[in-house]
Amino acid sequence: MTAEDKDRLLLASLPHVTFDGWGPEAFRHGAESLGLDPELADELLPGGARGRIVAFSDWADRAMLAAVSEEELEQLGVTAKVSLAVRVRFMALSPYQEAVRRSLAVLAQPSNALSGLTALHRTTDAIWNAVGDSSTDHNWYTKRMLLGGVISATTLYWLDDSSEDKRRTWAFLDRRLQNVVRVGSRLGRVFEGCLSTPDRLVRRMQTRRRWGRASR
């Protein structure tokens, strides 16, 4: 079975997740709708509900990357690029909104929290890579941490947004991103100060030693 087969089974099963949750029954129904042996569902998408949700997140990341690669990003600023990438990912998830809602309930369980955080990190990393982020210092971690918070908050807003074309969600997203720009700038200065502190201490100690020798 190929990766395409896994995606086909996942997408065929998502409508059933709305009614049956992320348990095996939904994916057996999905397999049957494709003319597959229902027993193959666990083999194609292993790891129980947690593994299937991670596969769902990975599919959304790949859908986002494919869509963003077709956009003209050169004329956009960084914040606008990130906003576009996040929107595109939500648009890919739009037909499966109830499956997203049910996935949050599963990932909220303590035993699944690490998988949820790992999937979120992969998403933020994919988005920053999609918009051409090339940072390798502390900003790499800061950007992904802050964007993870934005995506988490926006997901909850998006799930309950009944406005036309999710306009309120996009406005909420842009406000959160503007906040991140301000917070990220302050955090960057703090990190730089923390990272430079050892160097300042070393220089101060060296100066004291020189003065100590000179006063003998």
Within 45° cone of Phe27 ring axis and under 6.0 Å: Arg52 NZ or CZ: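 Cation-pi check for Arg52 and Phe27: passes.
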Side chains of [X] and [Y], heavy atoms from C-beta outward: is any pair under 4.5 Å?
X: Leu44; Y: Leu10; answer: no
X: Val180; Y: Leu147; answer: no
X: Trp158; Y: Gln97; answer: yes

Looking only at heavy atoms, what is the nearest atom pair of [X] and [Y], with distance?
X: Ala130; Y: Leu73; value: O-CD1, 4.0 Å
X: Ser163; Y: Arg168; value: OG-N, 3.1 Å
X: Leu45; Y: Ala55; value: CD2-CB, 4.0 Å
X: Gly30; Y: Ser13; value: CA-OG, 3.5 Å
X: Ser69; Y: Ala66; value: OG-O, 2.6 Å
X: Ser152; Y: Leu120; value: OG-CD2, 3.6 Å

Which atom pairs, one a donor and one an acceptor, fall under 3.5 Å between side chains of residues 77-91 and the rest of the protein, sequence neighbours left out?
{"unit_1": "Ser83", "atom_1": "OG", "unit_2": "Arg87", "atom_2": "NE", "d": "3.4"}
{"unit_1": "Ser83", "atom_1": "OG", "unit_2": "Asp174", "atom_2": "OD1", "d": "2.8"}
{"unit_1": "Arg87", "atom_1": "NH2", "unit_2": "Asp174", "atom_2": "OD2", "d": "2.8"}
{"unit_1": "Arg89", "atom_1": "NE", "unit_2": "Asp61", "atom_2": "OD1", "d": "2.8"}
{"unit_1": "Arg89", "atom_1": "NH2", "unit_2": "Ser57", "atom_2": "O", "d": "3.3"}
{"unit_1": "Arg89", "atom_1": "NH2", "unit_2": "Ser57", "atom_2": "OG", "d": "3.1"}
{"unit_1": "Arg89", "atom_1": "NH2", "unit_2": "Asp61", "atom_2": "OD1", "d": "3.2"}
{"unit_1": "Arg89", "atom_1": "NH2", "unit_2": "Thr123", "atom_2": "OG1", "d": "3.3"}

Cluster question for you: counting only ILVMFWY and a side-chain heavy-atom cut-off of under 4.5 Å, with indirect links fine, are [X] and [Y] together?
X: Val54; Y: Leu9; result: no
X: Leu173; Y: Met145; result: yes
X: Ile53; Y: Leu104; result: yes
X: Leu117; Y: Ile151; result: no
X: Tyr157; Y: Val150; result: no

Please determine whether a side-chain nitrogen of the Lys or Arg among Asp133 and Arg144 lies less than 4.0 Å from a carboxylate oxygen of the Asp or Glu.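 Salt bridge between Asp133 and Arg144, a charged N being under 4.0 Å from a carboxylate O: yes.
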Going by an N to O cut-off under 4.0 Å, is there a salt bridge joining Asp5 and Arg8?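 A salt bridge links Asp5 with Arg8.
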Measuring from [X]:[atom1] to [Y]:[atom2], what's the distance to the nearest 0.5 Å?
X: Arg102; Y: Phe19; atom1: CZ; atom2: CZ; result: 9.0 Å
X: Leu159; Y: Lys166; atom1: CG; atom2: NZ; result: 7.5 Å
X: Leu76; Y: Glu74; atom1: CG; atom2: CD; result: 8.5 Å
X: Ser103; Y: Leu93; atom1: OG; atom2: CG; result: 8.5 Å
X: Phe172; Y: Asp161; atom1: CZ; atom2: CG; result: 10.5 Å
X: Leu36; Y: Glu43; atom1: CG; atom2: CD; result: 11.0 Å

Could you check whether any side-chain N or O of Asn112 sits under 3.5 Å from a backbone N or O of Arg50, counting only pairs where one atom can act as donor and the other as acceptor?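 Absent.
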Is it the case that the side chain of Trp59 and the backbone of Asp7 share a donor-acceptor pair, with hydrogens and angles ignored and the cut-off at 3.5 Å?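 Not confirmed, Trp59 side chain does not pair with Asp7 backbone.
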Dump the intermediate steps for salt bridge (charged side-chain N to carboxylate O under 4.0 Å, His left out) on Asp58 and Lys6, then the final yes or no. CA-CA 11 Å; Asp58 176 68; Lys6 294 181 180 181; over 6 Å; no
Take the angle between the ring planes of Phe56 and Trp22 and call it parallel below 30°, perpendicular above 60°, tilted in between.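 Judged by the thresholds at 30° and 60°, the geometry between Phe56 and Trp22 is tilted.
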Is it true that, when you exclude Arg101 itself, more than 12 heavy atoms of the residues, nucleotides or ligands shown sit nearer than 6.0 Å to its CZ?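 Counting other residues, nucleotides and ligands, CZ of Arg101 exceeds 12 neighbours.
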Ring centres under 6.0 Å, that's the criterion: do His121 and Trp140 meet it?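 Here the rings of Trp140 and His121 have centres that are less than 6.0 Å from each other.
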